[in-house]
Amino acid sequence: MESMIEFIHERIGKKYYDQGIDFTMGNGHDTLFLSDYCKHVYSYDIQALALNNTKEFIKDKKNVTLFLKSHEYFDEDVRDFEVGIFNLGYLPGGNHECVTQYETTLKTIKKALEHLVKGGCLYVVVYIGHDQGKESTNLDAYFRTLDHKLYNVAKFEMMNKKNAPYVVIVEKR
Ligand code: SAM
């Protein structure tokens, strides 16, 4: 079976989009992937190391803008978008203490759903193997409150592996 990231890339790769947002740039793998399927990609991280790594990783791409700022301010740069990825947790190979924060993530997801166009999808990859990740499972409580007439919300998870990462997909109807 594919990994959670492979799973979302496979789904995202079925269409072509105008605007895509990578809310957690990291080393740029999701940004690079989105750039193949979007007219333009906006990508955010709060760590200079992430920005520098990604700049090098996507150096041939002309349709990507990288931002060294928290994803909660994405609406300063882009209004409506069709596809977005949150890949929560810490920068692989970086400082494990600099990790996505539940409160900021929740605030940004709420704002992102306002700017997501009808038919668009938000993909949230949640890791629960570390403390902040455990807190992120509280996001599930929020996702369950979303009106099913406005959003389709689905979860993809390994049922037989403790603390395995999982994916929540929110589609705006
Ligand atoms: N998508 C990445 C990739 O393809 O390599 C992996 C992302 S990594 C698991 C999570 C990233 O989120 C870290 O690089 C971290 O610095 C970043 N991050 C944490 N808080 C953030 C925030 N408020 N806004 C934007 N990025 C944040």
Side-chain angles (χ1 to χ4, degrees), residues 2-13 17 19-38 40-61 63-79 81-116 121-140 142 156-158 163-170:
E2 67 265 64
S3 70
M4 294 295 146
I5 292 297
E6 287 164 349
F7 170 71
I8 68 167
H9 286 187
E10 195 184 305
R11 277 191 64 104
I12 292 170
Y17 313 84
Q19 321 270 33
I21 305 182
D22 184 352
F23 289 93
T24 51
M25 178 194 309
N27 290 321
H29 297 98
D30 295 318
T31 297
L32 179 67
F33 175 78
L34 284 174
S35 72
D36 286 335
Y37 294 93
C38 297
H40 202 89
V41 179
Y42 300 79
S43 182
Y44 297 84
D45 209 291
I46 48 173
Q47 297 193 68
L49 178 63
L51 193 98
N52 292 337
N53 288 351
T54 301
K55 216 181 250 175
E56 178 61 24
F57 196 56
I58 61 148
K59 59 177 183 285
D60 298 330
K61 295 289 181 178
N63 62 337
V64 177
T65 314
L66 305 180
F67 297 91
L68 183 62
K69 68 175 170 183
S70 175
H71 45 220
E72 70 203 276
Y73 305 114
F74 76 89
D75 55 335
E76 294 172 354
D77 316 302
V78 54
R79 300 294 298 174
F81 69 99
E82 294 166 275
V83 61
I85 302 178
F86 284 83
N87 191 342
L88 302 180
Y90 52 78
L91 177 68
N95 178 359
H96 287 199
E97 307 216 324
C98 184
V99 67
T100 46
Q101 301 292 316
Y102 165 67
E103 286 80 10
T104 314
T105 305
L106 179 61
K107 183 177 159 196
T108 312
I109 287 175
K110 285 182 178 175
K111 203 194 260 193
L113 291 181
E114 286 170 26
H115 290 276
L116 187 65
C121 277
L122 199 61
Y123 294 83
V124 185
V125 185
V126 185
Y127 298 86
I128 52 180
H130 55 91
D131 288 350
Q132 198 60 41
K134 284 198 178 75
E135 211 177 338
S136 292
T137 56
N138 294 340
L139 291 171
D140 283 14
Y142 167 69
F156 182 66
E157 67 178 339
M158 299 293 290
N163 286 343
Y166 63 87
V167 174
V168 176
I169 305 171
V170 185

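Numbering of ligands and ligand atoms starts at 1, following listing order. Each residue takes its place number in the sequence, starting with 1.
- Proximity to Gly89 (heavy-atom distance under 4.0 Å) selects the following atoms of ligand 1: 10 (C).
- Within 6.0 Å of OH in Tyr142 there are more than 12 heavy atoms belonging to other residues, nucleotides or ligands.
- Protein heavy atom nearest atom 27 (C) of ligand 1, with residue, atom name and distance: Ile46 CG1, 3.9 Å.
- When only interatomic distances are considered, the shortest N/O to N/O separation between Lys69 and ligand 1 does not fall below 3.5 Å.
- Residue contacts with ligand 1, taken as heavy atom pairs separated by less than 4.0 Å, involve Met25 solely via the backbone atoms N, CA, C and O.
- A salt bridge is defined here as a Lys NZ or Arg NE, NH1 or NH2 lying under 4.0 Å from an Asp or Glu carboxylate O, and Lys59 with Glu56 meets this definition.
- Of the candidates Asp36, Val41, Thr31, Asp36 is the only one forming a side-chain contact (heavy atoms from CB on, under 4.5 Å) with Lys61.
- The closest protein non-hydrogen atom to atom 24 (N) of ligand 1 is His71 N, 2.9 Å.
- Taking any N or O of Ser70, backbone or side chain, at least one lies under 3.5 Å from an N or O belonging to ligand 1.
- Judged purely by atom type and a 3.5 angstrom limit, Asp45 has no side-chain atom pairing as donor or acceptor with the backbone of Thr24.
- Interface of Phe23 with ligand 1, defined as ligand atoms under 4.0 Å from a residue heavy atom, comprises 25 (C), 26 (N).
- Neither the backbone nor the side chain of Ile85 has a heavy atom within less than 4.0 Å of ligand 1.
- Using a 4.0 Å cut-off between heavy atoms, Tyr90 contacts ligand 1 through its backbone alone, with no side-chain atom that close.
- Here the shortest heavy-atom distance to atom 13 (C) of ligand 1, taken over Thr24, Leu32, Asp45, Thr104, belongs to Asp45.
- Below 4.0 Å from some heavy atom of Thr100 lie the following atoms of ligand 1, by number and element: 12 (O), 18 (N), 19 (C), 20 (N).
- Between Phe7 and Phe156, a ring centre-to-centre spacing shorter than 6.0 Å is recorded.
- To the nearest 0.5 Å, atoms CG (Leu49) and CG (Asn95) are separated by 9.5 Å.
- Between Tyr44 and Phe74, the angle of the ring planes goes over 60°, which puts this pair in the perpendicular group of the 30/60° scheme.
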Could you go through His40 and Tyr42, starting from their C-alpha distance and side-chain angles, then the distance that decides it, and tell me whether this counts as ring-ring contact (aromatic ring centres under 6.0 Å, His included)? CA-CA 7 Å; His40 202 89; Tyr42 300 79; 4.8 Å; yes
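- In this comparison of Leu91, Asn27, Ile5, the heavy atom closest to atom 5 (O) of ligand 1 sits on Asn27.
- Close approach of ligand 1 to Gln47 is summarised as follows: ligand atoms under 4.0 Å from at least one heavy atom of the residue are 15 (C), 16 (O).
- The local environment of NZ in Lys55 is sparse, with at most 12 non-hydrogen atoms from other residues, nucleotides or ligands closer than 6.0 Å.
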